[in-house]
Novice: 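Sharing a structure below in structure tokens format, with a few things to ask.
Per chain, numbering begins at 1; letters A, B, ... match sequence-line order. Atoms considered below: every heavy atom in the structure, side chains included; atoms not considered: hydrogens, waters and symmetry mates. These figures come from a predicted structure and were not determined experimentally.
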There are 2 protein chains.
Amino acid sequence: MNEANKYPSCLTTKEIENILKASGVQSTAQRLAVSRYVLCEASHCTVEEVKDWADQNFPKISLATVYNTLNILVEVGLLKALKLSHSDKVIYDNNVDNHYHFLDEQTGELSDISSDKIDFKTSLNESFKINSIDVLIKGTKSINKV
Amino acid sequence: MNEANKYPSCLTTKEIENILKASGVQSTAQRLAVSRYVLCEASHCTVEEVKDWADQNFPKISLATVYNTLNILVEVGLLKALKLSHSDKVIYDNNVDNHYHFLDEQTGELSDISSDKIDFKTSLNESFKINSIDVLIKGTKSINKV
DNA sequence: TTACCTGCAAACTCTTTGCACCGCA
DNA sequence: TGCGGTGCAAAGAGTTTGCAGGTAA
């Protein structure tokens with residue numbers, strides 16, 4: 001996590017390239033760099049963070065290309081775009097499985113909560129057909145436990 | 001509990017004035033008009049809707065005053081400001097009790113879900129201190145039942 | 001009278017778009 | 001060569017702010 005400015009070790013450039021190709025996304029140097037960062041290194045990042053990282057780790061990229069790339073990754077299902085109530089910025093989540101979120105209101109840190117950590121029983125009547133459920137738990141996380 | 005914040009639509013100007021006064025908000029003609037609309041008539045409205053309503057029902061009000069008034073009502077706890085993932089606009093909710101929301105993705109209609117309709121068990125460890133929980137259920141509501 | 005509210009327009013933030021240029025298939 | 005990706009700047013949406021003038025206590 002402190003290595004944030006380095007290329008992540010989880011996936012090679014070649015692997016990222018294959019992932020993009022499998023999703024029908026044409027590879028370019030900019031897209032590879034952005035994808036590698038958001039898919040491996042950053043779990044919940046904003047456009048601004050991607051741009052800042054890219055400015056330090058990539059020869060040249062425009063903000064429009066960052067937006068464009070992230071939007072494409074969302075479209076093909078490699079990322080989820082979150083709009084949470086505490087911020088006006090979109091947060092990109094590389095966990096595309098069904099899960100919930102916890103926001104530490106003191107630090108601003110956002111963490112994933114596995115969907116099996118919440119037991120959810122609704123007694124809505126049958127006229128409600130549920131497609132998805134967004135849950136954001138706000139609070140604080142004490143220091144003694146990660 | 002649902003009755004606590006459900007101002008009857010017959011609420012008089014005088015009553016609104018008293019509510020504002022009780023919250024330490026100075027009454028003006030604009031504030032009374034906006035407050036009456038959002039506290040009585042509209043359950044989930046946007047700034048735009050308030051402005052449109054006011055333009056038709058009030059001699060003159062600026063957009064800035066609408067924003068200002070709604071922000072004040074949120075500050076004093078008479079309204080809740082919601083930012084939901086399907087829209088960039090803030091939605092003002094006159095139900096300030098703890099409750100959840102259901103979004104009909106076909107109609108865009110937002111409805112309240114009483115907190116007792118959802119049984120919520122989290123098995124987060126003790127390092128998580130929960131202050132509040134936002135829940136947005138997305139789906140569709142069938143027509144045969146309101 | 002004094003403090004505060006209002007209206008207007010400009011500013012601000014985040015995101016998208018239009019367009020010329022460039023690179024890769 | 002041609003399609004489409006990139007960069008830049010401008011535009012756009014939603015919201016806030018600065019300020020001059022007006023209004024209520």
Novice: How does DNA chain C look in dot-bracket form if you count Watson-Crick and G-U pairs under 3.5 Å, write [ ] for pairs that cross, and put | where a base pairs with another strand?
Specialist: |||||||||||||||||||||||||
Novice: Please report, rounded to the nearest Å, how far the P atom of C/dG23 is from the CD atom of A/Q26.
Specialist: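 Taking atom P of C/dG23 as the reference, CD of A/Q26 is at 15 Å.
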Novice: Going 5' to 3' through nucleotides 10-18 of chain C, assign each nucleotide B (protein heavy atom under 4.0 Å from a base atom), S (under 4.0 Å only from sugar-phosphate atoms) or - (no protein heavy atom that close).
Specialist: ----SBBB-
Novice: Keeping to residues at least two apart or across chains, list the ring pair (Phe, Tyr, Trp, His ring centres under 6.0 Å) pairs with something in residues 68-100 of chain B.
Specialist: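 Qualifying pairs: B/H99-B/H101.
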Novice: Taking C-beta and beyond as the side chain, do A/I137 and A/I118 meet within less than 4.5 Å on heavy atoms?
Specialist: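 Yes. Closest side-chain heavy atoms under 4.5 Å.
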Novice: Would you mind reading off the distance between B/L20 atom CG and C/dC4 atom P, rounded to a whole angstrom?
Specialist: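 The answer, rounded to whole Å, is 17 Å.
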Novice: With heavy-atom distances below 4.5 Å as the criterion, would you say the side chains of A/E17 and A/K14 are in contact?
Specialist: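 In short, these two side chains touch, coming nearer than 4.5 Å.
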Novice: For D/dG7, take OP1 and OP2 only and decide whether either is under 4.0 Å from a side-chain N or O of A/Q30.
Specialist: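 True: A/Q30 side-chain N/O within range (under 4.0 Å) of D/dG7 OP1/OP2.
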Novice: Taking only residues at least two apart or on different chains, which pairs with a member in residues 68-85 of chain A satisfy side chain to side chain donor-acceptor pair (under 3.5 Å)?
Specialist: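 Every pair satisfying side chain to side chain donor-acceptor pair (under 3.5 Å) with a residue in residues 68-85 of chain A: A/K83-B/D88, A/S85-A/K138, A/S85-B/D134.
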Novice: In terms of side-chain geometry, is the basic nitrogen of A/R36 or A/E41 positioned less than 4.0 Å from the acidic oxygen of its partner?
Specialist: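 Salt bridge between A/R36 and A/E41, a charged N being under 4.0 Å from a carboxylate O: no.
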Novice: OP1 or OP2 of D/dG7 versus the side-chain N and O atoms of A/T65: is any pair under 4.0 Å?
Specialist: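 Yes, within the criterion.
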Novice: Between A/I72 (CD1) and D/dT6 (C1'), how many Å, whole number?
Specialist: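 Whole-Å distance recorded here is 11 Å.
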Novice: Ignoring backbone atoms, test whether B/N68 places a side-chain nitrogen or oxygen under 4.0 Å from the OP1 or OP2 oxygen of C/dC5.
Specialist: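 Looking at the OP1 and OP2 atoms of C/dC5, neither is under 4.0 Å from any side-chain N or O of B/N68.
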Novice: Report the distance from atom CG of B/D55 to atom C1' of C/dC8, rounded to the nearest whole Å.
Specialist: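 After rounding, the gap between these two atoms is 14 Å.
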Novice: Just N and O in the side chain of A/K51: are any of them under 4.0 Å from OP1 or OP2 of D/dG7?
Specialist: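 So the side-chain polar atoms of A/K51 never come under 4.0 Å of the phosphate oxygens OP1 or OP2 of D/dG7.
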Novice: Output yes when at least one side-chain N/O atom of A/T28 is less than 4.0 Å from OP1 or OP2 of D/dT6, else no.
Specialist: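 Answer yes for this pair, as a side-chain N or O of A/T28 is under 4.0 Å from OP1 or OP2.
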Novice: Residues sharing A/L82's hydrophobic cluster, by side-chain heavy-atom contacts under 4.5 Å among ILVMFWY, directly or via others?
Specialist: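 A/L84, A/I91, A/L103, A/L110, A/L136, all in the cluster of A/L82.
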Novice: So which one's nearest nucleotide on DNA chain D is more toward 5', B/E17 or A/R31?
Specialist: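 So the residue in question is A/R31.
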Novice: Does D/dC8 have its OP1 or OP2 closer than 4.0 Å to a side-chain nitrogen or oxygen of A/S62?
Specialist: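 For A/S62, the contact criterion (side-chain N or O under 4.0 Å from OP1 or OP2 of D/dC8) is not met.
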Novice: Do the ring planes of B/W53 and B/Y37 sit parallel (below 30°), tilted (30 to 60°) or perpendicular (above 60°)?
Specialist: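 Ring orientation, 0 to 90° scale: parallel.
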Novice: Expressed in angstrom and rounded to an integer, what is the separation of B/I61 atom CD1 from D/dG22 atom P?
Specialist: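 About 19 Å, once rounded to whole Å.
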Novice: Quick one: do B/H44 and B/N94 satisfy side chain to side chain donor-acceptor pair (under 3.5 Å)? Show the steps, please.
Specialist: CA-CA 7 Å; B/H44 299 108; B/N94 63 12; over 6 Å; no
Novice: Mind calculating the distance between CG (B/L32) and P (C/dT6) to the nearest angstrom?
Specialist: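 In whole Å, C/dT6 P and B/L32 CG are 10 Å from each other.
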Novice: Expressed in angstrom and rounded to an integer, what is the separation of B/K60 atom NZ from D/dG21 atom P?
Specialist: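 About 16 Å, once rounded to whole Å.
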Novice: A/E105: what forms a side chain to side chain donor-acceptor pair (under 3.5 Å) with it, not counting sequence neighbours?
Specialist: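 Only B/N131 meet the side chain to side chain donor-acceptor pair (under 3.5 Å) criterion with A/E105.
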